[in-house]
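Report on the structure given below.
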Amino acid sequence: MTTTAPPVKDRPGRPAGGDERLLHASPLRTLLGRPELGSVVGALAVFLFFSFVADSFLQLSSFGTVLYAASTIGIMAVPVALLMIGGEFDLSAGVMVTSSALVSSMFSFQMTANVWVGVLVSLLVTLAFGVFNGIMLTRTKLPSFIITLGTFLMLTGLNLGLTKLISGTVSTKSIGDMEGFPSARKLFASQLTLGGVELKVTILWWAGLVAVATWILLRTRFGNWIFAVGGNADAARAVGVPVLRTKIALYMGVAFCAWIAGQHLLFSFDVVQSGEGVGNELIYIIAAVIGGCLITGGYGSAIGSAVGAFIFGMTSKGIVYAEWDPDWFKFFLGAMLLLATLLNAWVRKRAEATR
């Protein structure tokens with residue numbers, strides 16, 4: 001899906017008024033116009049590859065493991081994809097996940113409160129991080145790369161400094177025996193068995209976020225604003241799109257999903273290491289780019305980000321099942337990024353050629 005239909009000369013069959021959305025699109029044209037087409041082809045290739053080189057890759061238990069690995073990335077790849085469609089980046093997304101977990105854990109432990117109090121406080125604090133990024137971006141007019149890099153460094157320092165100041169170590173105290181922990185773990189870190197496959201609850205969170213984000217992009221006015229802002233912010237502002245509010249809302253979306261991922265991190269292990277999360281922001285961006293999002297904004301989909309995260313999950317676990325040296329993982333991830341970007345560019349050119 002693109003921001004707006006490009007100018008096209010009149011041609012036979014074009015409806016009066018020139019609105020190209022009223023034209024009947026052929027199935028091939030519709031398929032070529034989907035941002036996630038290249039990533040789907042790439043996912044199929046990765047699946048077939050590891051199916052041949054790793055015997056255990058096709059086992060049902062392996063499928064659950066792959067989905068879990070994909071979901072931990074996919075939960076954050078969804079809002080990052082929406083932000084990229086809106087023309088911006090967030091380099092603080094990785095450490096924000098850890099910050100969310102740390103706030104929830106330390107507030108609950110230090111205040112001797114029900115862990116749900118810490119969870120809610122963490123939600124408010126994490127959303128405040130998103131609002132900070134959005135307001136700083138819109139008020140200073142600095143590139144999002146600079147703004148969120150600054151936030152990344154500040155959060156990295158706060159995570160370590162405050163954790164050592166409050167807990168005396170680089171990790172939080174255990175909250176596993178506190179009131180409310182079992183119910184919170186059930187919501188954020190439980191697992192269920194479906195058809196003999198053990199699935200983590202993060203897979204359900206991931207699927208729900210993809211569905212909501214897809215609905216927003218394709219069926220709501222706000223979705224149109226996201227594409228318009230990413231395509232040309234000045235033109236969008238000229239036709240009445242609230243550019244500033246849209247970008248702040250997108251950063252709040254990243255913060256909200258960071259809160260979900262952070263609570264999963266906390267309630268999976270009941271302690272959090274303050275140095276976790278550094279570098280994950282690049283993985284979220286990679287998943288979005290592999291899924292068809294353009295670096296320049298205005299193009300992409302939530303479904304594509306899910307496919308990109310699934311490719312990540314298959315690769316990270318496929319290397320283990322194939323009994324390869326895991327040091328090669330980053331090499332394969334980089335190769336997939338380049339190939340997916342080239343394939344997405346080719347697909348987009350073919351789609352534009354059929355207009």
Side-chain angles (χ1 to χ4, degrees), residues 64-65 67-76 78-79 92-132 155-156 158-194 197-213 251-278 280:
T65 304
L67 281 179
Y68 173 61
S71 68
T72 56
I73 300 301
I75 286 174
M76 289 301 297
V78 170
S92 65
V95 293
M96 196 182 297
V97 171
T98 306
S99 298
S100 169
L102 289 171
V103 170
S104 182
S105 177
M106 289 190 291
F107 189 90
S108 298
F109 186 85
Q110 296 300 321
M111 299 301 175
T112 319
N114 186 302
V115 297
W116 281 106
V117 177
V119 168
L120 294 178
V121 170
S122 175
L123 173 60
L124 296 177
V125 172
T126 310
L127 288 176
F129 294 150
V131 173
F132 174 81
L155 288 180
T156 302
L158 282 174
N159 288 350
L160 179 59
L162 288 180
T163 303
K164 292 183 70 174
L165 179 65
I166 295 174
S167 302
T169 64
V170 295
S171 65
T172 61
K173 303 295 185 181
S174 173
I175 62 171
D177 59 348
M178 293 187 65
E179 184 179 356
F181 187 88
S183 58
R185 168 171 277 184
K186 186 175 182 179
L187 179 62
F188 294 108
S190 62
Q191 64 182 27
L192 62 155
T193 302
L194 185 63
V197 181
E198 291 188 352
L199 302 176
K200 295 284 189 178
V201 72
T202 50
I203 299 172
L204 300 181
W205 278 104
W206 178 34
L209 289 170
V210 171
V212 171
Y251 276 105
M252 290 182 68
V254 174
F256 175 73
C257 291
W259 171 73
I260 295 174
Q263 303 316 295
H264 170 70
L265 177 65
L266 171 61
F267 292 106
S268 292
F269 306 103
D270 85 37
V271 295
V272 183
Q273 297 290 328
S274 59
E276 293 186 27
V278 176
N280 284 350

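Note that the structure is a prediction, hence the values are computed from the model and not measured. Both backbone and side-chain heavy atoms feed into the values below; hydrogens, waters and symmetry mates do not. Throughout, numbering of the chain's residues begins at 1 and tracks the sequence.
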- [ ] Sort out for me which residue in Leu123, Val125, Val119 forms a side-chain contact (heavy atoms from CB on, under 4.5 Å) with Val103.
- [x] Val125

TODO: Please report the closest heavy-atom contact between Phe181 and Ile175, naming both atoms and the distance.
DONE: CD1-O, 3.4 Å

Task: Least distance between heavy atoms, Val272 atom then Leu266 atom - done: CG2-CD1, 3.7 Å

Open item on the list: Can you confirm whether Leu187 sits close enough to Trp116 that some side-chain heavy atom of one is under 4.5 Å from a side-chain heavy atom of the other?
Closed with: yes

Open item on the list: Quick check for you: to the nearest 0.5 Å, what is the distance between Leu160 atom CG and Leu102 atom CG?
Closed with: 10.0 Å

Task: Residue pair Trp206 / Val210, side-chain heavy-atom distance below 4.5 Å - done: yes

TODO: Could you tell me whether the side chains of Ser100 and Ser122 share a donor-acceptor contact shorter than 3.5 Å?
DONE: yes

- [ ] Quick one: closest heavy-atom pair of Leu162 and Met106, and the distance?
- [x] O-SD, 4.3 Å

Task: Any side-chain heavy-atom pair of Phe129 and Ser92 under 4.5 Å - done: no

Open item on the list: Nearest 0.5 angstrom please: Met178 CE to Thr112 OG1, how far?
Closed with: 6.0 Å

Task: Lys173 to Phe109, cation-pi by 6.0 Å centre distance and 45° axis angle - done: no

Open item on the list: Quick check: Trp259 with Phe188 (ring centres under 6.0 Å apart)?
Closed with: yes

- [ ] In sequence, state the C-alpha distance, the side-chain angles, and the governing distance for Lys200 and Ser71, and then conclude on side chain to side chain contact (heavy atoms under 4.5 Å, CB included).
- [x] CA-CA 9 Å; Lys200 295 284 189 178; Ser71 68; 5.5 Å; no

- [ ] I would like to know whether Leu192 and Leu204 meet side chain to side chain contact (heavy atoms under 4.5 Å, CB included); could you show each step before the answer?
- [x] CA-CA 10 Å; Leu192 62 155; Leu204 300 181; 4.1 Å; yes

- [ ] Answer whether the closest heavy-atom distance between the side chains of Leu265 and Glu276 falls below 4.5 Å.
- [x] yes

- [ ] Taking the side chain as every heavy atom from C-beta outward, state whether Asn159 and Val95 have any pair of such atoms under 4.5 Å apart.
- [x] yes

Open item on the list: Measuring only between side-chain heavy atoms, which start at C-beta, is Cys257 closer than 4.5 Å to Val78?
Closed with: no

Open item on the list: Once rounded to the nearest 0.5 Å, what's the spacing between atom OG of Ser174 and atom CZ of Phe269?
Closed with: 13.0 Å

Task: Residue pair Val254 / Met76, side-chain heavy-atom distance below 4.5 Å - done: yes

Open item on the list: As an exercise, state the distance from CG of Leu199 to CG of Leu194, rounded to the nearest 0.5 Å.
Closed with: 5.5 Å

TODO: With rounding to the nearest 0.5 Å, note down the distance linking OG1 in Thr172 to CD1 in Ile166.
DONE: 10.5 Å

TODO: Would you check if the side chain of Ser183 reaches a backbone N or O of Gly180 as a donor-acceptor pair within less than 3.5 Å?
DONE: yes

- [ ] Looking only at non-hydrogen atoms, find the nearest pair between Ala258 and Thr126 and report the distance.
- [x] CB-CG2, 4.3 Å

Task: Expected output: side-chain Ser167 to main-chain Thr169 donor-acceptor under 3.5 Å - done: no

Task: Crowding at CD, Gln191 (>12 non-hydrogen neighbours, <6.0 Å) - done: yes

Task: Donor on one side chain, acceptor on other, Thr163 and Ser274, under 3.5 Å - done: no

TODO: Output, in order, the C-alpha distance, side-chain angles, deciding distance and verdict of side chain to side chain contact (heavy atoms under 4.5 Å, CB included) for Phe256 and Leu127.
DONE: CA-CA 6 Å; Phe256 175 73; Leu127 288 176; 4.1 Å; yes

TODO: Check Ala189 against Ser268 and note the closest heavy-atom contact, atom names and distance.
DONE: CB-OG, 3.5 Å

TODO: Verify the neighbour count for atom CD of Gln110: are there more than 12 heavy atoms of other residues, nucleotides or ligands below 6.0 Å?
DONE: yes

Task: Non-hydrogen atoms of Thr72 and Ala69 that approach each other most closely - done: OG1-O, 2.8 Å

